[in-house]
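Below: one structure, written as structure tokens.
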Amino acid sequence: MAEYNPQAIEAKWQKRWADARVFETEADPSKPKYYVLEMLPYPSGTMHMGHMRNYTIGDVVARVKRMRGFNVLHPMGWDAFGLPAENAAIKNNTHPRTWTNNNIAEFQRVLRRFGFSFDWRREISTCEPEYYRWNQWFFLRMLERGLAYRKKSRVNWCPKCATVLANEQVVNGYCWRHEDTLVETREIEQWFLKTTAYSEQLLDDLKLLEGGWPERVITMQRNWIGKSTGAKVRFAVADAGAGESIEVFTTRIDTIYGASALILAPGHPLVKKLLAGSSEEAAASAKLQEMRQSSVKAEELETADKVGFFTGRYAVNPFNGAQIPVWVGNFVLMEYGTGAVMCVPAHDERDFEFATKYGLAIPVVVQPKDGAALNEKALKEAFTEYGTSVNSGACSGLATSEAMERMAAEAEAKGFGKRETIFRLKDWGVSRQRYWGTPIPVIYCAKDGMVAVPDADLPVILPANPKLTGMGESPLAATPEFVNVKCPKCGGDARRETDTMDTFVDSSWYFYRYCDPHNDKAPFDKGKVAYWFPIDQYIGGITHAILHLLYSRFWCKVMRDLGLVEHSEPISRLFTQGMVQKGGVAMSKSRGNVVGAEEMAEKYGADTGRLYTLFAAPPEKDLEWSEESIEGSWRFLNRVYRLVERHAETVRGVKSATESAAGNTGATAAPSAKETRLLRKAHQTLRRVTQDFETRWHFNSAIALIMELTNEMHALEPLSEGVRPEVQKEVLELLTLMLAPMTPHIAAEMWEMLGHEEGQWTAAWPAFDAELARETEVEIVVQVNGRVRGKLKVAAGMPEEQVLPLALAEPGAAAHLAGKRVVKTIFVADKLVNMVVS
RNA sequence: GCCGGAGUGGCGGAAUGGCAGACGCAGAGGACUCAAAAUCCUCCGGUCGCAAGGCCGUGUAGGUUCGACUCCUAUCUCCGGCACCA
């Protein structure tokens, strides 16, 4: 008997699949389609079992759908641009492209080794000009529509590196490479994509995703977009500051009579003007300086205390003419709203804290609808709920909701305010002062200003040999042959933009490119995308809940408005799988706790690796890797292999029910008791496994059921006694077909051992037979007062009046019924009898 | 602080109102073997009991129900995300 040899079997079947082009697919409107996709990897480090879990889940789905007759698109590619490649290249004195391509080669080898059913002809790599030219093309379309624009913006800047740092490179306010150097913030010109143009749609369309996306992802996106409905109100500055006004945003205009100050963000443009010549100028300027210096750190230390100072100026409440002091406070954000707030201490927690600290007045203007009235002097915390307005001029006595309406209307009528909805979502800053990314296709000409690179000149190709130092501005700026260019308009000397695009641009639309990966006329053919989209199932980590998945949604809406696609949402269903951990933390190279996928394949084979990641936990949960437990999966595959091998000789020549025209074996001749038991177990297993695959994705339970089936077959050995070969064959076939999506190599091998000359990939998912699965005898639990006291074996479907006498007589139950009166009986057919006694 | 998710044997987990602990790992005992590995068989939540069997048990405390891991209320712990958003 040959032993199970996964290495040989896996290599054999991977070659057969490739030779027969089993996973290659084309758009075909005559067939139902299914697009299943795992998030594309960033090729860096080693591929470990955390990666494999993601692709295994997707591969199971792809293979099941194929067996069920769908035309399945299941592609793979590389998120190949990015900072780590550039840093690694500098460190190892190589080229980012060399480093990246080496990693891709290794990643690809490991993925192939695991037998994932990808259509490799559709492979894309985002660092290739064939791909990134379309990033540039999209950028130009957005530029034409005002969706891409340039503006000055604040960035982290390390004076020693003389470059911009990503937020991740700022450690407690210091540069990651120069631990003694405080990071500064600088204003530089940066490119933005106008995600805010779609705020409302991005929010509204989340409704379309309900049911298909995890609720928490939807919630996270909703919070991120952060819609607030309220009003903007302008306060005039009194006396010396006359002529200036301060605009605030509030969601509670109904509390405006309770404002005891205005508070500006430290970075508010009016602060300097207000301080000039004010009584507080000297003291306040010093405090402002201090506040601004600590502002970088304050962003890191989010628990910072509220601090502020008085500007010496007053503003006039447009509703009642009250003069209230203007302060500067560190907790007011310049980036949100108008950068200024009205301080209503009695009805806002933050304002209460600030007012208490600095001795500002705390006037009460809302009273609870029920409960004790608030007393200004005894107020211990802010009352932030709705209620009844008081001390609010004409609105006193009204419900706050009503007051809100009236006050907003008054502000609009008198011209000092207006209703407004604002969003937390900001435009997407896409400029990166780095080499390894998509060049932004724009040229600056002294005469014509900013000029878009004409489509015909795309792609703007990255120079092959830049000087990479990790210092200074974009390496592209230090590459004269790249920078110096003729103006497309006037032909005069001009300069190229030297920033590259954020790599999230690459991943925002890559899944469209898979539909038509080699198109050199357009990013993709509309018809092909129309066939495959939307993605039926997307699978990836929760880490991308906001960035990638929000940018992708934005990109889709832009493409729709460009007329490229018909749909508004690219992804129908999203599945976020759990992390693979070791020692309680996610596997990662930097932590040094990875279990390499390749070593796993060498030791146990890919099928065991795949099976274990599916068996150890349900896919949405984190999975703690255990070297000991994996032995169980290995042993199981060996057990199944031996089982098939033992009976292969007997069954090879016969036709099973699935093959014979006569239908199921059970129907052709009266089955023996042993056959009945076997077929019943097999079809019950099939029913539940089918359900698990189709709806719940509880692969761990499905595997447990298949294990039970093999245990049952084992218990019925020798099968040669009392089980006809065609029945043996039917059950063994079901077994291998159910395993096929999860452990495709060993399943294919066993399928062949059972006498099939056609590869298993031609086999459909088996249909379960309800008749064969049906139990004829059931066990009924007999309870007394809800506690199990005995069990009965009865014919399935036996009615209550027949079961009850048996239950009363059941010895275990009878002992607990003695001398008591049954007051109530609950009967659940085929399940239980519960007798309630007094 | 807010928003999610989760708490079940020594461990991973199963059970979507009806026998808690399926399946697997680890462990114990046995068979086979000169021996080991592999394989096969049996046991395996706690507790009382010679046994039959009883009692307790799904983070904690209540509630609904004939019956609750499952539904409701409160509470604790852990994990993840957001965090002065006016």
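Below, chain A is the first sequence line, B the second, and so on; all start at residue 1. Note that the structure is predicted; figures quoted are calculated from it, not measured.
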What N/O pairs connect the protein and nucleotides 39-45 of chain B at under 3.5 Å? Give each pair on its own line.
from  : atom 1 : to     : atom 2 : distance (Å)
B:U39 : O3'    : A:R642 : NH2    : 3.4

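- Listed nucleotides: B:G12, B:G81, B:A14. Nearest to the side chain of A:M220: B:G81.
- A cation-pi geometry, defined here as NZ or CZ lying under 6.0 Å from the six-membered ring centre and within 45° of its normal, does not hold between A:R573 and A:W213.
- A:E624 comes within 4.0 angstrom of no nucleic acid atom, judged by non-hydrogen atoms across all strands.
- Residue-level contact check: A:V788 touches the backbone only, with heavy atoms under 4.0 Å from sugar-phosphate atoms and none from bases.
- Here the P atom of nucleotide B:G24 and the CG atom of A:L637 are 13 Å apart, to the nearest Å.
- When the nucleotides B:C19, B:G54, B:A86 are ranked by their closest atom to the side chain of A:T250, B:A86 comes out on top.
- In this structure, A:R789 reaches the B:G54 phosphate: one of its side-chain N or O atoms is under 4.0 Å from OP1 or OP2.
- Considering A:Y604, A:W625, A:F636 in turn, A:W625 is the only one that fulfils the ring pair (Phe, Tyr, Trp, His ring centres under 6.0 Å) rule with A:Y612.
- Using a 3.5 Å distance cut-off with no hydrogens or angles, the side chains of A:S701 and A:D692 do not pair a donor with an acceptor.
- Across all strands shown, A:P214 has no heavy atoms under 4.0 Å from either base or sugar-phosphate atoms.
- No side-chain donor-acceptor contact under 3.5 Å links A:S389 and A:S392.
- Two residues, A:R787 and A:V828, neighbour RNA chain B, and the one matched to the more 5' nucleotide by heavy-atom proximity is A:V828.
- The listed nucleotides are B:G13, B:A26, B:G18; the one nearest the side chain of A:E628 is B:A26.
- Because its NZ or CZ atom is both nearer than 6.0 Å to the ring centre of A:F331 and within 45° of the ring axis, A:K306 counts as a cation-pi partner of that residue.
- As judged by a 4.0 angstrom heavy-atom cut-off over every strand, A:K621 is placed among residues touching the sugar-phosphate backbone only.
- In this structure, the CH2 atom of A:W634 is 18 Å from the P atom of B:A37, given to the nearest Å.
- A:D351 places no side-chain N or O within donor-acceptor distance of the main-chain N or O of A:P345, the cut-off being under 3.5 Å.
- Glycosidic torsion of B:G9 falls within 90° of 0, placing the base in syn.
- The side chain of A:V341 sits closest to B:A86 out of B:G18, B:A86, B:G13.
- The phosphate of B:A14 (OP1 or OP2) has no side-chain N or O of A:R688 nearer than 4.0 angstrom.
- A straight line from OH of A:Y612 to P of B:A26 spans 11 Å, rounded to a whole angstrom.
- For B:C69, there is no paired base (Watson-Crick or G-U wobble, both distances below 3.5 Å).
- Side-chain contact annotation: A:S552 with A:Y538, donor-acceptor N/O pair under 3.5 Å absent.
- As judged by a 4.0 angstrom heavy-atom cut-off over every strand, A:Q783 is placed among the base-contacting residues.
- For B:G80, the paired base is B:C3 (Watson-Crick or G-U wobble, both distances below 3.5 Å).
- Of the side-chain N and O atoms in A:N711, one or more sit less than 4.0 angstrom from OP1 or OP2 of B:G24.
- With both pairing distances under 3.5 Å, B:U75 is matched to B:G59 as a Watson-Crick or G-U wobble pair.
- Within 4.0 Å (heavy atoms only), A:T219 reaches sugar-phosphate atoms of the nucleic acid but no base atom.
- Atom NE2 of A:H347 and atom C1' of B:C84 are 19 Å apart (whole Å).
- Taking every side-chain heavy atom of A:H816 into account, B:G54 is the closest of B:G54, B:G18, B:A86.
- Look at the C1' atom in both B:U65 and B:C76: the space between them is 26 Å, to the nearest Å.
- You'll find a donor-acceptor pair under 3.5 Å spanning the side chain of A:K306 and the base of B:C84, going by distance alone.
- No side-chain donor from either of A:E3 and A:Y641 sits under 3.5 Å from a side-chain acceptor of the other.
- In this structure, A:E779 reaches the bases: a heavy-atom distance under 4.0 Å links it to at least one base atom across the strands shown.
- Distance A:L614 CG to B:A14 P: 13 Å, rounded to the nearest Å.
- At a threshold of 4.0 angstrom between heavy atoms, the contacts of A:V823 with the nucleic acid are absent.
- Summarising the base pairing, B:U39 is matched to B:A31 through a Watson-Crick or G-U wobble pair whose two defining distances lie under 3.5 Å.
- Atom-to-atom distance recorded for A:I542:CD1 and A:L574:CG is 7.5 Å, nearest 0.5 angstrom.
- Protein atom CD of A:E353 is 8 Å distant from nucleotide atom C1' of B:C84, rounded to whole Å.
- Here A:K824 reaches the OP1 or OP2 of B:C66: one of its side-chain N or O atoms lies under 4.0 Å away.
- As judged by a 4.0 angstrom heavy-atom cut-off over every strand, A:N700 is placed among residues touching the sugar-phosphate backbone only.
- Of the candidates B:G24, B:C3, B:C84, B:G24 carries the atom nearest the A:F615 side chain, counting heavy atoms from C-beta on.
- Put simply, CZ on A:F699 is 17 Å from C1' on B:C23, counting in whole angstrom units.
- For B:G10, the paired nucleotide is B:C25, the pair qualifying as Watson-Crick or G-U wobble because both relevant distances are below 3.5 Å.
- Counting to the nearest Å, the C1' atom of B:C84 and the CD atom of A:E349 are 10 Å from each other.
- Side chains of A:H816 and A:Q783: no donor on one and acceptor on the other come within 3.5 Å.
- Looking at which nucleotide of RNA chain B each of A:M707 and A:I826 is closest to, the 5′-most match is held by A:M707.
- With B:G13, B:C19, B:A22 as the choices, the nucleotide that has an atom nearest any side-chain atom of A:A704 turns out to be B:A22.
- Each of B:A22, B:G18, B:G13 was ranked by its minimum atom distance to the side chain of A:E708; first place goes to B:A22.
- Within 6.0 Å of atom NZ in A:K357, more than 12 heavy atoms from other residues, nucleotides or ligands are found, so the atom counts as buried in its surroundings.
- For the OP1/OP2 pair of B:A83 and a distance below 4.0 Å, the side-chain nitrogens and oxygens of A:R424 include at least one atom meeting the criterion.
- Taking the C1' atom of each, B:C44 and B:C25 are spaced 13 Å apart, rounded to whole Å.
- For A:S228, a side-chain nitrogen or oxygen approaches OP1 or OP2 of B:A86 to under 4.0 Å.
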